[in-house]
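Written below as structure tokens is the structure these notes are about.
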2 protein chains.
Amino acid sequence: MTGDSSNLREALDPTHCVSYRLRRAARLAAKSYDAALKTTGLKNTQFTLLAALATEGAVSIGALSDLLATDGTTLTRNLEVLVRRGLVKDCASDDARVRTVQLSKKGRNKYQEALPFWQAAQQQVLTGLGAEQWRELEGVLRQIEDACHSLE
Amino acid sequence: MTGDSSNLREALDPTHCVSYRLRRAARLAAKSYDAALKTTGLKNTQFTLLAALATEGAVSIGALSDLLATDGTTLTRNLEVLVRRGLVKDCASDDARVRTVQLSKKGRNKYQEALPFWQAAQQQVLTGLGAEQWRELEGVLRQIEDACHSLE
DNA sequence: CGTCAATATCTGTATATGCAGATAAAATGA
DNA sequence: TCATTTTATCTGCATATACAGATATTGACG
């Protein structure tokens, strides 16, 4: 009895805060991936950026911002680190407002070097999760993003 | 055909990185909660801390660290902000190594003030998600945490 | 009691993150 | 062409996060 109302009560307890739960799981997952990537000198966040650049080629900050759903100011700082390490370089652009970046040769090599380490981490997490749960996860996360976007 | 192997191939594409997906969803969710909490001057992360302290009463850094699955050094810095604002205070402890903190009166008031705003945000996200998906989310996140923990 | 190991927290350092507001350049329109 | 608006990015500021290593205390053992 009171199935729904007790669920609601539970869901409105801050312990079950969706933001907190996601943040917490993300932190723990990040730790696993960081550990796997350790020898490459990359953090999981940096790997994500390299991967995006590897796929996109030359791309503007704005486009990256849309693609990764990351604030542009965050990208500026995160790219700064990779540029300093010589993994990412600026490229020319016709519109002087637009900054376009791409992987350097060193960056492409680093990405190739890191890929198997990332795959190992991903494989481990997927194994611990199962294909079914993985599908569920992707679906639910997409819905959360939609729900949050629609509130703006 | 090739249902599983194509899934695997897809899952091992960095675009589907579990860490990235979680981080991204967490960022977007945080934005919604932060917007809802704006008038209170709290961020969702700070609300989480206040909520934990409201439930736990006087608690050590180590216990909080276990409870919230957050690094102790992170808690030190995050609590610093709340102490500075007078929302959290230190309390006496027999073991001089152990630092124990609790909500101040002002902190309890702030928590009570913020609670309905948090609930509104949580309610909105849950509505956009549905009860079924919410249950799935909690289950999957728990599994991810288990999977990541077991890798240590 | 004194030494050493174990425990709990803090500091230094570095990255991640995003809001507000600044800056610069392109597009628009009179 | 000049003034205004729009667009794209950057800077200043503040918080979140955690690894390594420093510090301080307690506990255990001879």
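Values reported hereafter were calculated over all heavy atoms of this structure, with side chains retained and with hydrogens, waters and symmetry mates removed. Residue numbers begin at 1 in each chain, while the letters A, B, ... track the order of the sequences.
- Atom CG in B/L28 sits about 8 Å away from atom P in C/dG18, given to the nearest Å.
- Backbone-only contact: B/R84 has heavy atoms under 4.0 Å from sugar-phosphate atoms and none from a base.
- One atom, CG of B/D90, and another, P of C/dC10, lie 8 Å apart when rounded to the nearest Å.
- If you check every strand for non-hydrogen atoms under 4.0 Å, A/D95 touches sugar and phosphate atoms only.
- Summarising the geometry, the separation between CD on A/Q46 and P on D/dC19 is reported as 14 Å, rounded to the nearest angstrom.
- Comparing C/dC19, C/dT9, D/dT25 by their nearest atom to the side chain of B/R97 picks out D/dT25.
- Between A/L50 atom CG and C/dT15 atom P the separation is 14 Å, expressed in whole Å.
- Relative orientation of the B/W134 and A/H16 rings is perpendicular, given thresholds of 30° and 60° on the angle between their planes.
- For A/K43 and C/dA14, the NZ to C1' distance is 8 Å, given to the nearest whole Å.
- Taking 4.0 Å as the cut-off between side-chain N and carboxylate O, B/E132 and B/R135 count as a salt-bridged pair.
- Comparing A/T74 and B/S60 by the nucleotide of DNA chain C whose heavy atom lies nearest to each, the residue mapping closer to the 5' end is B/S60.
- Residue contacts shown for B/G72 are absent, as no nucleic acid heavy atom lies under 4.0 Å away.
- Between A/R27 and C/dT15, a side-chain N or O to OP1/OP2 separation shorter than 4.0 Å is absent.
- In this entry the distance linking CG of B/L87 with P of D/dT15 reads 12 Å, nearest Å.
- The CG atom of A/L64 sits 14 Å away from the P atom of D/dA8 (whole-angstrom rounding).
- Side-chain proximity of A/R99 to the nucleotides D/dA8, D/dC10, D/dA18 is greatest for D/dC10.
- Under 3.5 Å, the side chain of B/R77 and the base of C/dT13 form at least one donor-acceptor pair of N or O atoms.
- Looking at heavy atoms from C-beta onward, A/V83 lies out of side-chain contact with A/K89 at the 4.5 angstrom threshold.
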### Message
Pair A/F47, A/Y111 - check ring-ring contact (aromatic ring centres under 6.0 Å, His included), show working.
### Response
CA-CA 7 Å; A/F47 175 81; A/Y111 174 62; 5.6 Å; yes
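- Taking for each of A/K38 and A/A63 the nucleotide of DNA chain D with the nearest heavy atom, the 5'-most of the two is the partner of A/A63.
- Closest approach to the B/T73 side chain among C/dG18, C/dT11, C/dA26 is made by C/dT11 (side chain taken as heavy atoms from C-beta onward).
- Contact of the B/L49 side chain with the B/L79 side chain is registered, since non-hydrogen atoms from C-beta on lie closer than 4.5 Å.
- Positionally, the nearest nucleotide of DNA chain D for B/D71 lies more toward the 5' end than for the other of B/D71 and B/A96.
- Nucleic acid contact for B/T45: sugar-phosphate only, since backbone atoms but no base atoms lie under 4.0 Å from a heavy atom of the residue.
- The listed nucleotides are D/dT15, D/dA18, C/dA16; the one nearest the side chain of A/N78 is C/dA16.
- Atoms CD (A/E80) and C1' (D/dT9) sit 13 Å apart, rounded to a whole Å.
- Judged purely by atom type and a 3.5 angstrom limit, B/E113 has no side-chain atom pairing as donor or acceptor with the backbone of B/T40.
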